[in-house]
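Working notes, structure below.
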Amino acid sequence: MRLFQTPFNLDLTLCCGQVFKWEKKEDWWYGIIGNNPIKIRQINKDLEFENVSTNLIKSYFGLNDNLHEIKRKISKDNFIENTLTRFWGLRIIKQDPWECLISYICATYKSIAAIRKMLFELSEKFGEKKILNDYVFYTFPKPEKFQSITKSDLLDCGLGYRSKYVLKTSKKILSRDSFFDELKNFSYLQAKKQLIEFPGIGQKVADCILLFSLGKTEAFPVDIWVKRAIIKYYSNHFSKKFISKISRSRSISNSEYNTLNEFGRTYFGENAGYAQEYLFHFERMSSKKNFL
DNA sequence: TTCCAGGTTCCAA
DNA sequence: TTGGAACATGGA
């Protein structure tokens with residue numbers, strides 16, 4: 001598939017911490033879309049893939065989003081504009097809502113490396129085995145599977161105190177037909193209110209689910225990295241007292257979250273989620289050695 | 001060893 | 001309504 005005028009960077013999109021279960025071997029990425037194992041690689045403007053349709057690739061990797069238009073709308077200052085240029089082609093993936101929801105409950109207070117480990121173990125133990133070109137995959141366990149999974153099973157996968165949240169929330173969601181379809185039709189705020197009712201889902205996890213799987217691009221998740229980026233590059237939008245307060249403690253209180261989240265959504269607008277993902281990635285990269 | 005991680009929950013004030 | 005401790009575990 002030739003990308004022509006469609007800016008896309010497969011490596012950045014899969015490495016930036018929005019999805020957890022993709023693996024790269026040599027220049028091919030291996031992962032699962034829907035229930036199918038696929039492999040994909042990018043060589044300049046060409047995407048090569050196996051076992052998946054072009055339409056599914058386009059919808060999963062958000063290739064139908066007009067990234068030029070999104071950039072134009074969220075480029076409110078030099079910093080975000082430079083960040084967009086630097087990581088140009090990073091796109092928001094349209095994940096499966098169920099997998100995304102459980103993944104981000106697991107993602108609380110964990111490093112991305114540790115999250116990956118948990119989710120791979122969960123899939124290997126309770127998912128379905130698939131093989132493509134001798135490469136072995138395990139699908140993410142379906143909601144029904146969680147009826148027979150015990151707390152001890154989840155502890156064995158390293159979920160720790162998140163185990164009870166995953167079990168309670170999966171049971172609640174199983175009891176509601178078409179739950180995710182309903183949420184897609186709700187406004188951002190209505191859908192967020194619904195999600196926060198579930199155990200283990202607070203404001204940040206809800207925003208991640210809304211952005212990464214339910215198409216709510218105005219969602220602006222604020223985690224430790226985004227908070228750091230705001231303190232460094234956007235502190236002039238807040239009082240000195242507020243910046244000093246959020247700089248002192250590691251965690252973010254509910255009211256602080258509201259302030260930072262509202263800033264992101266009003267400042268960047270309807271595609272705030274895209275701005276967030278570029279800020280998140282920039283801040284994580286800049287913490288590593290050899291950056292710049 | 002120690003520190004920290006894509007936070008949420010619970011409880012006291 | 002708000003502030004702060006507790007929470008399980010693994011990677012760096």
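Just so it is clear: chains get the letters A, B, ... in the order the sequence lines come, proteins before strands, and each one is counted from 1.
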Identify whether any heavy atom of [X] sits under 4.0 Å from a base atom; if not, whether one sits that close to sugar-phosphate; answer base, sugar-phosphate or nothing.
| X | value |
| --- | --- |
| A/Y257 | nothing |
| A/Q18 | base |
| A/R248 | nothing |
| A/F198 | sugar-phosphate |
| A/L159 | nothing |
| A/K288 | nothing |
| A/G17 | base |
| A/E277 | base |
| A/V205 | sugar-phosphate |

Under a 3.5 Å cutoff, is there a donor and acceptor pairing between the side chains of [X] and [Y]?
| X | Y | result |
| --- | --- | --- |
| A/N271 | A/E69 | no |
| A/T85 | A/K71 | yes |
| A/D65 | A/Y274 | yes |
| A/N82 | A/R86 | no |
| A/D77 | A/Y267 | yes |

At less than 4.0 Å, is any side-chain N or O atom of [X] found next to OP1 or OP2 of [N]? Yes or no.
| X | N | result |
| --- | --- | --- |
| A/K227 | B/dG7 | no |
| A/R162 | C/dA6 | no |
| A/K245 | C/dG3 | yes |

[X] [atom1] to [N] [atom2]: how many Å, rounded?
| X | N | atom1 | atom2 | result |
| --- | --- | --- | --- | --- |
| A/N258 | B/dT8 | CG | P | 12 Å |
| A/I209 | B/dT8 | CD1 | C1' | 13 Å |
| A/K168 | B/dT9 | NZ | P | 10 Å |
| A/F242 | C/dG3 | CZ | P | 11 Å |
| A/I246 | B/dG7 | CD1 | P | 15 Å |
| A/K110 | B/dC3 | NZ | P | 17 Å |
| A/L119 | C/dT9 | CG | P | 16 Å |
| A/I252 | C/dT2 | CD1 | C1' | 16 Å |

Result for 5'-nearest mapping on DNA chain B, choosing between A/I196 and A/F280, is A/F280
Of A/G200 and A/F20, the one whose nearest nucleotide on DNA chain B sits closer to the 5' end is A/F20
Checking A/V166, A/D96, A/I201 against A/L101 for side-chain contact (heavy atoms from CB on, under 4.5 Å), the one that qualifies is A/I201
Partner of A/R116 under side-chain contact (heavy atoms from CB on, under 4.5 Å), picked from A/E23, A/K21, A/K110, is A/E23
What about [X]: does its side chain form a donor-acceptor pair under 3.5 Å with the base of [N]?
| X | N | value |
| --- | --- | --- |
| A/K204 | B/dT8 | no |
| A/R250 | B/dG7 | yes |
| A/Y161 | B/dG7 | yes |

Re C/dG4: Watson-Crick or G-U wobble partner, both distances kept under 3.5 Å, found to be B/dC10
If pairing means Watson-Crick or G-U wobble with both distances under 3.5 Å, then the partner of B/dT2 is C/dA12
In this structure, CD1 of A/I209 is separated from CZ of A/F212 (nearest 0.5 Å) by 10.5 Å
Note: for A/S253 and A/A114 on DNA chain C, the residue whose nearest nucleotide lies more 5' is A/S253
Picking from [options], which would you name as closest to the side chain of [X]?
| X | options | result |
| --- | --- | --- |
| A/W225 | B/dA5, B/dG7, C/dG11 | B/dA5 |
| A/K117 | C/dA8, C/dG11, C/dT2 | C/dG11 |
| A/L155 | C/dA8, C/dG11, B/dT8 | C/dA8 |
| A/I224 | C/dG11, B/dA5, C/dT9 | B/dA5 |

Say we look at B/dC11 and C/dA8: how far apart would their P atoms be, to the nearest angstrom? 14 Å
Q) Has A/Y109 got its ring stacked on B/dG7, by the test of a centre gap below 5.5 Å and a plane angle below 30°? A) yes
